[in-house]
Amino acid sequence: MIALLALLYLGSVWQRPLYLGEEFRQAEIAREMTVSAPVPHLNGETLAGEPPLGHWGNAAVMALIGEQPAAVRLSGALAVLLTAGLIFLLGRRSGIPRLGDAAALVWLFCGAVYAAGTCGSGDSLFVFFNTLALTMFFFAITEKALLHRAGYLALCGAGWGLAFLCRGAEAILLPLIPAVVFLLWNRSWKELCTLPWIPLVTAALIVGAWGLALHRGGEALFAASGMVWSGGFSGDWLLSALAGTLPWFLFLPMVWHGYRIDFAGAVRTPLLRFAGCMLLMIPVAPFFYGGGAAFRLLPCFPAAAILFAYGMLRASDRGDYWWVNRVLNLLVWCLLPIPLLLFLLQTLAKFTRRVPSELVLYGFNENYYLPVLALMVMVIWFRMAAREPGGARKFGCFCVGMAFFLLAVPISLPWRFVRDFAPEPFLRQVLVPRATEDAIVQAETSLMPAVAWTLKRTGIDTLPENPTGKRSAELSGGREFFIVTGDEARVRRLPAPRTTYRAGGLFVVHYPKSPEEWK
């Protein structure tokens, strides 16, 4: 199972191109750091004060394996696996049999966790250090030996400081909430006054070392790392957050039944108390955490995995699998027609060419056998899980089926859906052969990291809101001129003559060398 989990995460990071958004930004920063300096750079500009730890990790991996997409995902995948190890240690320390194993599996097979661990956003690295700080704090609380307690508190402070170097000042607040509430809940007044000092000193030393390394001093440190409101709750926030908990959200009634068996005993368990306090980060995390709703709640997912696993184990000890079997059988009957229909439509389209293009997901040169096979294997394992009488083998079969599906997803997405947010192949085909070193390239702000990464150069100009032929001619100075945009209306307003290349919703406009030809 350990080998399967390692393959699931470490194997998935190599399988797809970079996607627009944070992945291209992280990749370009790491690429520029490998050729310039340890301070984060983007498009030749120094990002003074930006939390550097994630960029350092990406740059180190890129220096080892080269400039490829996996370089910005590998640290995130390792962080997710290490976080699973922390969850396992928490479960083992609780004394509850199998809690560590079950909670780690719930964490690893959660949809939002898998998405964060196989993309280059840097979220999972922050979650690891945040969880490390909280785990070591819980170990210190439950430790009797003073020397061991001091060591755990020092590790707590190290995780706290490294979390700050990953995300900034918001990392200060998130671990404080569950720690303080847990001490208040247990009425540990003495520990409330004595425990924080070692973590505070350790974290201050780590953050202070970074602050001294910045040329702008302490003001730049907090100017770029302060708490920035990210919008908080929105209308679709709850729906997105629940989608991130799939597939485990489907088994929530079983978990609820497990807590009904002995709710008072669960409340008296120190680890479950602490996990409940960790969930108090939910009202705060959405306001300071970047990304979508599920990614904003990612720091709370380790606690949710522990609580979920406990309820699932309690219900499993009673042999109550009625709801689980119903869900598994429903999944089998709902998913079984999908690979059969997909195979039928793609085969007919390939050999008869009479299937409407709206019903054809994959192009003629794309491999549609892998998603069909992955879906069939997943359905078979789900059916095996529904027929298993024991809880351990039942959920083991379910996890194996999910692993086959998740491992195949990155390389099974149809290109017609991927091309709009994976522009590197198109840009490499159009820009690399045509854009010489002295050519001017302008791109929208969201596309600038992708263009810089593709061309392996800095100095990409930001495309103005209303570009005109006269202004572009003045900038070009007789050199070739390229415009990269995703706005079709903007392309139509550009002056002629021009050569336009298009892939989906992405456009590359090429002007000749002489500006007099198109002024």
Side-chain angles (χ1 to χ4, degrees), residues 1-28 30-31 54 57-58 61-62 64-82 84 108-125 244 246-247 291-292 294-295 338-339 342 346 361-378 381 399-429 449-450 453-454 503-504:
M1 181 61 74
I2 294 176
L4 178 63
L5 295 173
L7 175 65
L8 174 62
Y9 277 88
L10 301 181
S12 298
V13 299
W14 306 83
Q15 297 181 9
R16 61 173 177 83
L18 293 172
Y19 287 168
L20 281 177
E22 192 65 19
E23 274 200 329
F24 271 112
R25 184 178 184 274
Q26 295 285 337
E28 178 58 19
R31 187 194 69 83
N58 294 336
V61 175
M62 190 171 291
L64 290 175
I65 67 175
E67 297 176 358
Q68 50 185 309
V72 296
R73 301 178 185 140
L74 196 57
S75 60
L78 291 174
V80 168
L81 295 174
L82 291 174
L108 289 171
F109 285 100
C110 190
V113 174
Y114 177 77
T118 56
C119 73
S121 63
D123 296 319
S124 52
L125 191 63
L246 289 173
F295 280 18
I338 296 178
L342 176 62
Q346 291 294 146
L361 296 180
Y362 294 89
F364 295 118
N365 297 324
E366 294 184 72
N367 181 9
Y368 61 91
Y369 301 106
L370 181 60
V372 170
L373 180 62
L375 287 170
M376 289 298 299
V377 171
M378 182 180 67
W381 280 99
C399 290
V400 171
M402 285 297 304
F404 274 99
F405 174 73
L406 293 176
L407 191 59
V409 164
I411 55 177
S412 299
L413 295 176
W415 180 246
R416 61 187 296 184
F417 299 148
V418 175
R419 63 184 181 184
D420 286 340
F421 49 90
E424 185 179 359
F426 169 66
L427 294 176
R428 189 178 301 278
Q429 179 183 5
W453 167 264
T454 303

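- Between the side chain of Glu366 and the main chain of Tyr362, no donor-acceptor pair closer than 3.5 Å is present.
- The minimum heavy-atom distance linking Leu8 with Leu407 is given by the pair CD1-N, 3.8 Å.
- Note that the CG atom of Leu74 and the CE atom of Met62 stand 11.0 Å from one another [nearest 0.5 Å].
- Checking side-chain atoms of Gln346 against main-chain N and O of Leu361 turns up a donor-acceptor pair under 3.5 Å.
- Distance CG/Leu413 to CD1/Ile411: 10.0 Å, rounded to 0.5 Å.
- Once rounded to the nearest 0.5 Å, the distance linking CD of Glu424 with OG1 of Thr454 reads 4.5 Å.
- Closest approach of Trp415 and Ala422 over heavy atoms only: CH2-O, 3.7 Å.
- With sequence neighbours excluded, the residues that form a side-chain contact (heavy atoms from CB on, under 4.5 Å) with Leu246 are Phe249, Leu250.
- The closest donor-acceptor contact from the side chain of Tyr9 to the backbone of Leu108 lies under 3.5 Å.
- Taking CG of Leu5 as the reference point, atom CZ of Phe109 lies at 5.0 Å (rounded to 0.5 Å).
- Trp14 approaches Ile65 most closely through the heavy-atom pair CH2-CD1, 4.0 Å.
- In this structure, CG on Leu427 lies 7.0 Å from CZ on Phe24, to the nearest 0.5 angstrom.
- You'll find the side chain of Leu406 stays beyond 4.5 Å of the side chain of Ser12, heavy atoms only.
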- Query: Passes side-chain contact (heavy atoms from CB on, under 4.5 Å), Cys119 versus Arg16? Steps please.
  - Reply: CA-CA 10 Å; Cys119 73; Arg16 61 173 177 83; 3.6 Å; yes

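- Of all heavy-atom pairs spanning Asn58 and Ser75, the tightest one is OD1-OG, 3.2 Å.
- Contact detail for Gly117 and Val13: the closest heavy-atom pair is O-CG1, 4.3 Å.
- Between the CH2 atom of Trp453 and the CD atom of Glu28 there is a distance of 7.5 Å, given to the nearest 0.5 Å.
- The environment of OH in Tyr19 is crowded: more than 12 heavy-atom neighbours from other residues, nucleotides or ligands sit within 6.0 Å.
- The two residues Val80 and Ser124 come nearest to each other via the heavy atoms CG2-CB, 3.6 Å.
- Under the side-chain contact (heavy atoms from CB on, under 4.5 Å) criterion, Glu22 pairs with Arg25, Gln26, Ser121, not counting sequence neighbours.
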- Task: Would you please test Leu18 and Val72 for side-chain contact (heavy atoms from CB on, under 4.5 Å) and show each step?
- Result: CA-CA 9 Å; Leu18 293 172; Val72 296; 3.9 Å; yes

